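To start, the structure under review is shown below, and the notes come after it.
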Amino acid sequence: MTLWKGRFSVSPAQELMDFTESLSFDRLLWMEDIRGSIAHVKGLVHSGILTEEDGTILQDGLRSVANEIESDLFDFNAGDEDIHSAIERRLTELVGETGARLHTGRSRNDQIATDMRLYAKRAVLEIADELVALCRTLGDVAESSRDAYLPGYTHTQRAQPVLLSHHVLAHGWSLLRDLERLIETYRRLDVSPLGAGALGGSTLSLDPDFVAGELGFSRRFQNSLDVVSDRDFVAEILFDVALIGVHLSRIGEEFVLWSTEEFGYVRLDDAYSTGSSMLPHKKNPDIAELARGKSGRLIGNLMGLLTTLKGLPLSYNRDLQEDKEPLFDSVRQVSLALLAVRGMISTASFDFVAMRMAGDSEYLVAVDLAEYLVRQGMPFRKAHGIVGGLVRDAVERRVPLAELVSAHPLLGEVAVQLLEPQSAIARRVTAGGSGTEAVSDQLRAFSSELEAQQKVLSELR
Ligand code: ARG
């Protein structure tokens with residue numbers, strides 16, 4: 001049964017119902033919908049629009065509906081258009097004609113906007129908690145691999161030796177920015193739409209500030225037309241989540257590479273790897289691959305919603321119903337991904353020997369030789385040319401670089417000492433760089449930044 005049949009002479013066509021229904025996906029919002037309705041009832045009583053007695057009947061009825069849904073006893077009807085209709089129908093079955101007073105001064109337009117913001121607040125905090133946990137795991141890996149080093153890469157070519165902790169924290173910082181971004185998104189979306197009605201408010205003396213407070217929103221809407229048509233918050237979450245997905249895809253890609261026999265930097269735990277149905281020896285990094293692969297879908301969800309929103313006239317349009325499936329999907333997928341990636345990383349064992357062997361290539365400290373010459377007063381470009389020439393010679397004649405450095409009049413034995421990668425790392429002095437001391441400072445900064453964000457999160461709750 002629809003909520004709007006009074007205006008129509010015949011029942012809706014089946015094709016219309018099949019095409020326009022949203023119950024199949026918006027039933028996920030039942031808890032938010034009932035919370036919103038209870039606050040609305042309290043608001044109506046508070047404003048003297050409903051008697052205390054009716055208010056109590058409606059609230060008790062709504063709580064019974066909640067119990068039925070929670071314990072799986074609720075019968076969704078084929079004719080229920082959406083979660084709002086299903087709950088109002090059942091409420092009226094339970095409490096009789098008082099149920100018909102529930103929707104006083106309200107539209108499904110402010111109702112769904114309220115449900116979505118309540119859901120979004122919860123979802124954002126859950127994703128934020130998972131991000132914190134993953135950041136902590138990365139911090140632990142960085143902490144426990146203090147001296148381990150490997151080649152840092154640019155263009156996927158070995159470039160300079162870097163500490164493993166420096167590399168791991170690079171991913172950590174990107175996830176910390178994601179956390180900060182989610183917190184900003186949360187603050188912006190924390191607005192109650194309830195009281196906006198269909199689009200222009202009501203002739204009844206509703207109190208939007210009161211219901212905003214009841215629902216734990218920090219403020220109410222300023223413009224009823226805006227708030228029933230605004231889905232910026234959904235787009236923002238989809239962007240935040242898509243970027244988390246992109247960051248996870250980069251971590252995933254490295255784990256795929258690092259777990260190959262060719263790299264051999266990491267061994268995944270059996271519980272976080274998969275096998276082949278045909279090739280008995282295979283051990284595959286499927287979590288890392290799907291962390292990479294799912295980013296496509298997360299980006300797609302964002303593109304889909306932005307395309308739906310583009311060109312919509314004010315205010316509510318049914319197109320806006322298309323906000324739900326992408327949001328629910330992105331929230332679920334990113335939560336699963338964050339958990340799986342965290343499990344994969346926290347159980348992985350890093351092969352420090354394989355990393356060191358790759359990082360010990362003499363060429364990776366070539367720039368240190370050039371900087372040695374710079375310290376003697378030589379212009380950098382000239383020093384770059386001299387060292388580049390030595391590397392070319394070493395490659396072409398297949399001789400160790402150290403031999404050529406030792407024989408060079410401007411370099412010699414002192415410079416040969418510089419070729420040892422571990423000492424090269426210890427020598428690196430730039431703040432925020434991969435030097436031993438700089439990375440210790442960075443680890444401290446990372447933990448304190450993470451703690452600060454966690455504090456902000458607990459204050460939002
Ligand atoms: N299912 C709708 C949505 O998700 C609820 C609001 C319906 N409003 C309306 N005027 N038909 O947007």
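Everything quoted here is computed from the prediction, not taken from an experiment. Atoms within each ligand, like the ligands themselves, are counted from 1 in listed order.
Closest non-hydrogen pair, Gly172 versus Phe446, comes out as C-CE1, 3.4 Å.
Nearest non-hydrogen protein atom to atom 5 (C) of ligand 1 is His84 NE2, 3.8 Å. When hydrogens are left out, the protein atom nearest atom 11 (N) of ligand 1 is Arg108 NH2, 3.6 Å; that is the closest non-hydrogen contact. Scanning the protein for heavy atoms near atom 7 (C) of ligand 1, the closest one is Tyr316 OH, 3.5 Å. The single protein non-hydrogen atom nearest to atom 10 (N) of ligand 1 is Asn109 OD1, 3.1 Å, given as residue, atom name and distance. In terms of protein heavy-atom proximity, atom 4 (O) of ligand 1 is nearest to Lys324 NZ, 2.6 Å.
Below 3.5 Å of separation, one finds an N or O of Ser22 facing an N or O of ligand 1. When only interatomic distances are considered, the shortest N/O to N/O separation between Gln321 and ligand 1 falls below 3.5 Å.
Interatomic distance, Leu118 CG to Arg35 CZ, rounded to the nearest 0.5 Å: 5.0 Å.
Residue Glu81 does not touch ligand 1, judged by heavy-atom distances below 4.0 Å.
Proximity of Trp30 to Val65: side-chain heavy atoms (C-beta onward) are nowhere separated by under 4.5 Å.
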So His171 and Glu254, side chain to side chain contact (heavy atoms under 4.5 Å, CB included) or not? Walk me through it. CA-CA 11 Å; His171 289 301; Glu254 283 187 351; 2.8 Å; yes
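Under the ring pair (Phe, Tyr, Trp, His ring centres under 6.0 Å) rule, Tyr265 has a single partner from Phe255, Trp258, Tyr149, which is Trp258.
Annotation: Phe76 is in aromatic contact with Phe74 [ring centroid separation under 6.0 Å].
The cationic atom of Arg117 (NZ for Lys, CZ for Arg) lies less than 6.0 Å from the six-membered ring centre of Phe233 and within 45° of the ring axis.
For Gln111, the closest heavy-atom approach to ligand 1 does not fall below 4.0 Å.
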